Amino acid sequence: MAQNIKKMMEKFEMECELLQPWSTFVMKTQLPPPVLEKMMKITDEIINNKESATRYGDRLAGQIEDEFLIEEEILEREDLMGFFLDVCRTYVVQAFCQSQPYNKQEILRESWITQMTKMYVVSQHDNEYNPIHVHSHGCHLSTVMYLKIPDYLPNRKLHKKQEDDGAITFTNNSSTDKIWGDPTLQIQPRVGDFFIFPATQVHQVYPFRTADGKGERRSVSFNAIFSSMSAQEHMTEPKQENI
């Protein structure tokens, strides 16, 4: 019987499509080496001259001392702005294709416009952390990229398979069981990792410990908004008055 079923399956080539319009996702990619190098250069300059840098921590959730604004003109000068906006555009297209699986052709034909709001560097040190939070104020998308990861001290709980120190954790309520999904995603980021996610995606960053207490976990985040060309054209169309 099993042999007959196997032969029957070998006769068919079947395409599958995964439909999941009821949840959002975190998109993970890697910074290309030239982009990583430029971001290291930019943030080194800011952190090494922190006395003159623009502090941004009073607008952020983190219990972190060194958080600084990265001005847009720096990104333009280093020819990086277009890259970051293109990555956000890719996320927008993929997200709408997931949420509207039978409207993909129209989504792909549309022209999507992305715009960065604020970018900032987070220079996190021992015992600092980012509590659970969202980035929903005035933006649609959020991102985080990792430039430096220190050597953490070993986990105090030796029986644990996964390290908590320095991890970023995303939490969502769209999965309520452990068979078909998981409501949390905990990641130990590596240098060059780049994550894009909805601004309303709940997340947090754990503190860490290093041997000399001087370790630096450096990340850069930015928020962005988006629109479509069709929506912008509709807004500029002259409105007809009813007579």
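Keep in mind that what you see is a predicted model, and the values were worked out from it rather than measured.
Pairing each heavy atom of Cys139 with each of Ala224, the nearest pair is CB-O, 3.6 Å. Smallest separation of non-hydrogen atoms from Val202 and Ile132: CG1-CG1, 3.1 Å. Shortest non-hydrogen contact noted between Leu31 and Leu36 is CD1-CD1, 4.1 Å. Across every non-hydrogen atom of Pro21 and Leu19, the tightest pair is CD-C, 3.7 Å. When every heavy atom of Gly215 is checked against every heavy atom of His125, the shortest pair comes out as O-CD2, 3.1 Å. Taking both residues in full, the closest heavy atoms of Phe197 and Val26 are given as CB-CG2, 4.0 Å, listed atom of the first, atom of the second, then distance.
In this view, Asp44 and Arg218 satisfy the side-chain hydrogen bond (donor to acceptor under 3.5 Å, both in side chains) rule, not counting sequence neighbours. Arg55 meets the salt bridge (charged side-chain N to carboxylate O under 4.0 Å, His left out) test with Asp66; sequence neighbours excluded. Residues forming a side-chain hydrogen bond (donor to acceptor under 3.5 Å, both in side chains) with Thr184 (at least two apart in sequence, or on another chain): Asp182. Remark: Asn223 engages His135, Ser142 in a side-chain hydrogen bond (donor to acceptor under 3.5 Å, both in side chains) (not counting sequence neighbours). With sequence neighbours excluded, no residue satisfies side-chain hydrogen bond (donor to acceptor under 3.5 Å, both in side chains) with Glu106. For Tyr129, the side chain to side chain contact (heavy atoms under 4.5 Å, CB included) partners two or more places apart in sequence, or in a different chain, are Gln63, Pro131, Pro207. Residues satisfying the salt bridge (charged side-chain N to carboxylate O under 4.0 Å, His left out) test with Arg209, not counting sequence neighbours, are Asp165. Considering only residues two or more places apart in sequence or on other chains, Glu17 meets the salt bridge (charged side-chain N to carboxylate O under 4.0 Å, His left out) condition with Lys104.
With hydrophobic clusters built from ILVMFWY side chains whose heavy atoms lie under 4.5 angstrom apart, Met119 does not share a cluster with Ile113. In the hydrophobic clustering of ILVMFWY residues, with side-chain heavy atoms under 4.5 Å counting as a link, Val191 and Tyr206 come out apart. Phe195 and Val134 sit in two unconnected hydrophobic clusters of ILVMFWY residues. Membership requires side-chain heavy atoms under 4.5 Å apart, directly or through other members. Residues Phe170 and Ile149 share a single hydrophobic cluster, defined by chaining ILVMFWY side chains whose heavy atoms lie under 4.5 Å apart.
Side-chain atoms of Ile47 and Glu216, non-hydrogen and from C-beta on, do get closer than 4.5 Å to each other. The side-chain heavy atoms of Val87 and Met27, taken from C-beta on, include a pair separated by under 4.5 Å. Side-chain contact check for Met145 versus Asp193: every heavy-atom pair is 4.5 Å or farther apart.
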Next item on the list: Would you sort out whether Leu75 and Met116 count as a side-chain contact (heavy atoms from CB on, under 4.5 Å), showing the intermediate values?
Entry: CA-CA 11 Å; Leu75 302 176; Met116 185 181 296; 3.6 Å; yes
Checklist line | Audit row: Glu128, Glu65, side-chain contact (heavy atoms from CB on, under 4.5 Å) steps and yes/no | finding: CA-CA 8 Å; Glu128 296 183 321; Glu65 182 177 354; 3.6 Å; yes
Next item on the list: Could you give me the CA-CA distance, side-chain angles and deciding distance for Gln188 and Tyr152, then say whether side-chain contact (heavy atoms from CB on, under 4.5 Å) is met?
Entry: CA-CA 11 Å; Gln188 276 292 347; Tyr152 304 135; 3.7 Å; yes
Margin query: Please determine whether side chain to side chain donor-acceptor pair (under 3.5 Å) holds for the pair Glu110 and Ser230, giving the CA-CA distance in whole Å, both sets of side-chain angles, and the decisive distance to 0.1 Å.
Written below: CA-CA 7 Å; Glu110 181 62 86; Ser230 297; 2.6 Å; yes
Next item on the list: Run the numbers on Thr143 and Phe194 for side-chain contact (heavy atoms from CB on, under 4.5 Å), then give the verdict.
Entry: CA-CA 7 Å; Thr143 74; Phe194 185 20; 3.7 Å; yes
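Around the CD atom of Glu37, the shell of radius 6.0 Å holds no more than 12 heavy atoms that belong to other residues, nucleotides or ligands.
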Donor-acceptor contacts, no H, no angles, side chain residues 91-103, under 3.5 Å, sequence neighbours left out:
from, atom 1, to, atom 2, distance (Å)
Tyr91, OH, Phe25, O, 2.6
Gln98, NE2, Gln20, O, 3.2
Gln98, NE2, Ser23, O, 2.6
Ser99, OG, Ala95, O, 3.3
Ser99, OG, Phe96, O, 3.3
Gln100, OE1, Asn103, ND2, 3.0

For residues 77-86, tabulate all N or O donor-acceptor pairs below 3.5 Å that involve a side-chain atom, not counting sequence neighbours.
from, atom 1, to, atom 2, distance (Å)
Glu78, OE2, Lys41, NZ, 3.2
Asp86, OD1, Arg89, NH1, 2.3

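The closest donor-acceptor contact from the side chain of Trp112 to the backbone of Cys88 lies at 3.5 Å or more, if one exists at all.
Each of Arg217, Met39, Arg190 was checked for a side-chain contact (heavy atoms from CB on, under 4.5 Å) with Tyr146, and the lone residue meeting it is Arg217.
Summarising the hydrophobic clusters (Ile, Leu, Val, Met, Phe, Trp, Tyr; side-chain heavy atoms under 4.5 Å, direct or chained), the residues clustered with Leu18 are none. In the hydrophobic clustering, Tyr120 connects to Tyr56, Leu60, Ile64, Leu69, Val122, either directly or through intervening members, whenever side-chain heavy atoms lie under 4.5 Å apart.
Atom CD of Gln201 is separated from atom CD1 of Ile196 by 13.0 Å, given to the nearest 0.5 angstrom. With rounding to the nearest 0.5 Å, the separation of CD1 in Ile46 from CD in Glu71 is 8.0 Å. Taken from CD1 in Ile187 to CD1 in Ile168, the straight-line distance is 7.0 Å, to the nearest 0.5 Å. Here the CG-CZ distance, from Asp164 to Arg156, works out to 11.5 Å after rounding to the nearest 0.5 Å. Atom CD of Gln186 sits about 9.5 Å away from atom CD of Glu163, to the nearest 0.5 Å.
For the residue pair Gln204 / Thr169, no side-chain donor-acceptor distance below 3.5 Å is found, with atom types taken as modelled.
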